[in-house]
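Notes follow once the structure below has been shown.
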Amino acid sequence: MKELYRSDNGRCIIAVGDITNIACDAIVNAANSSLLGGGGVDGAIHSAGGPAILAECRALRNSSLPNGLPPGKAVATTAGRLPARRVIHTVGPIWQGGAYGEDETLASCYRECLALAMIEQLKSIAFPAISTGIYGFPKERAAKIAWNTVQDYLASTPEAASIIVWFVFFSEIDAHIFLEANGKIKL
Ligand code: ADP
């Protein structure tokens, strides 16, 4: 994991690497509503974490989530063989031009994941760039929403006082788009 930026209070880190390698309390999966696996970061998480994650996702589909996980919501499972303790699955919006509530759904993903982390009393969480791959959300626009939503959540949630939030990018180019969109200077 290569750190590019750390906020002054040390609580938000922007890094480049493979999210499956990070030993955070939770990593976030940019899943699809089926929760039964997909490409991109979803495929990477299931393949590195092993079958226990999919088994728990299937159990959720057979119990509390028969119709799948709606966009903007989050649910936690085991992390299987991953170094993280938990995987928080969230479903980002599919980009449809911006007039279909995509911004609000994306913000909801970040808030819901953080809220679950609070419920589980987790101290660190790593986010991928939700919706900016296969789901086609413009990267710069997603970057601002991701950063601002997390900052608002941390500022307004006293229980979140000690959580560390990682923003992890698979590509250095994507990390730089994120830094630039949010006016952050690389370390
Ligand atoms: P979505 O369907 O929500 O768009 P994707 O998985 O297609 O999700 O892409 C989301 C982001 O995750 C993309 O920026 C992609 O480059 C990134 N990504 C893919 N694999 C990994 C990984 N192993 N670690 C971190 N980020 C990843």
Side-chain angles (χ1 to χ4, degrees), residues 1-5 12-50 53-54 57 68-77 79-98 100-114 116-117 124-147 149-150 164-182 184:
M1 204 57 53
K2 180 177 167 193
E3 270 187 51
L4 297 185
Y5 173 85
C12 293
I13 299 162
I14 298 168
V16 179
D18 181 342
I19 204 165
T20 63
N21 290 332
I22 196 167
C24 271
D25 283 351
I27 63 167
V28 173
N29 181 16
N32 57 55
S33 283
S34 81
L35 291 179
L36 301 178
V41 72
D42 194 7
I45 287 172
H46 282 286
S47 104
I53 303 174
L54 190 57
C57 288
L69 184 66
K73 299 290 182 191
V75 69
T77 67
R81 294 196 290 260
L82 294 171
R85 286 175 43 209
R86 303 287 281 162
V87 173
I88 299 180
H89 306 262
T90 191
V91 179
I94 297 172
W95 181 255
Q96 295 176 278
Y100 292 85
E102 294 97 322
D103 292 347
E104 184 43 43
T105 304
L106 185 62
S108 172
C109 289
Y110 285 91
R111 280 195 298 270
E112 292 268 327
C113 289
L114 289 166
L116 262 185
S124 55
I125 182 168
F127 285 99
I130 300 164
S131 280
T132 66
I134 298 157
Y135 280 4
F137 204 114
K139 291 175 181 180
E140 195 184 20
R141 184 160 168 157
K144 289 179 184 157
I145 293 167
W147 182 263
T149 303
V150 170
I164 304 286
V165 180
W166 292 75
F167 296 90
V168 177
F169 297 89
F170 210 34
S171 89
E172 188 120 15
I173 292 169
D174 287 351
H176 279 98
I177 292 171
F178 189 93
L179 284 163
E180 198 151 309
N182 289 300
K184 306 297 172 207

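Values below: every heavy atom of this structure, side chains too, minus hydrogens, waters and symmetry copies. Along the sequence shown, the residues carry numbers beginning at 1. As the structure lists them, so they are numbered: ligands from 1, and atoms in each ligand from 1.
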field: Identity and distance of the protein heavy atom lying nearest atom 12 (O) of ligand 1
entry: Val41 CB, 4.0 Å
- request: Do me a favour and list the nearest non-hydrogen protein atom to atom 17 (C) of ligand 1 with residue, atom name and distance?
  value: Phe170 CB, 4.1 Å
query: Of all the heavy atoms in Thr20, does at least one lie under 4.0 Å from an atom in ligand 1?
result: no
query: Can you tell if the side chain of Thr90 reaches within under 4.5 Å of the side chain of Phe127, non-hydrogen atoms only?
result: no
task: State if Ser171 counts as touching ligand 1 under the rule of any non-hydrogen atom under 4.0 Å.
output: no
- prompt: What protein heavy atom sits nearest atom 13 (C) of ligand 1, and how far off is it?
  reply: Thr132 OG1, 3.8 Å
field: Identity and distance of the protein heavy atom lying nearest atom 24 (N) of ligand 1
entry: Ile19 N, 2.9 Å
statement: Value for CZ (Phe167) from CH2 (Trp147), rounded to nearest 0.5 Å, stands at 5.5 Å
query: With a 4.5 Å limit on heavy-atom distance, are the side chains of Ser124 and Asp25 in contact?
result: yes
- line: the protein heavy atom lying closest to atom 3 (O) of ligand 1 turns out to be Ser131 N, 2.9 Å
- prompt: Is Lys73 atom NZ crowded by more than 12 heavy atoms from other residues, nucleotides or ligands, each under 6.0 Å away?
  reply: no
field: Close-contact set for ligand 1 against Ala44 heavy atoms, below 4.0 Å
entry: 23 (N)
query: Among Ile27, Ile88, Ile22, which one satisfies side-chain contact (heavy atoms from CB on, under 4.5 Å) with Ile125?
result: Ile88
Non-hydrogen side-chain atoms of Phe169 and Lys139 separated by less than 4.5 Å: no
Residue list, salt bridge (Lys or Arg N to Asp or Glu O under 4.0 Å) with Arg81, at least two apart or on another chain: none
Protein contact of atom 7 (O) of ligand 1 - nearest heavy atom, named by residue and atom, plus distance: Ile134 N, 2.8 Å
- prompt: Has Glu172 got more than 12 heavy atoms of other residues, nucleotides or ligands less than 6.0 Å from its CD?
  reply: yes
query: Nearest to atom 10 (C) of ligand 1 by heavy atom, Ala129, Pro128, Ala30, Gly40: which?
result: Ala129
message: Please list the nearest protein heavy atom to atom 23 (N) of ligand 1 with its residue and the distance rounded to 0.1 Å.
response: Asp18 OD1, 2.9 Å
task: Measure from atom 15 (C) of ligand 1 to the protein's non-hydrogen atoms and state whether any distance is below 4.0 Å.
output: no
- prompt: More than 12 heavy atoms of other residues, nucleotides or ligands under 6.0 Å from CD1 of Ile173: is that the case?
  reply: no
- line: Atoms of ligand 1 under 4.0 Å from any heavy atom of Asp174, numbered from 1 in the order shown, are 14 (O)
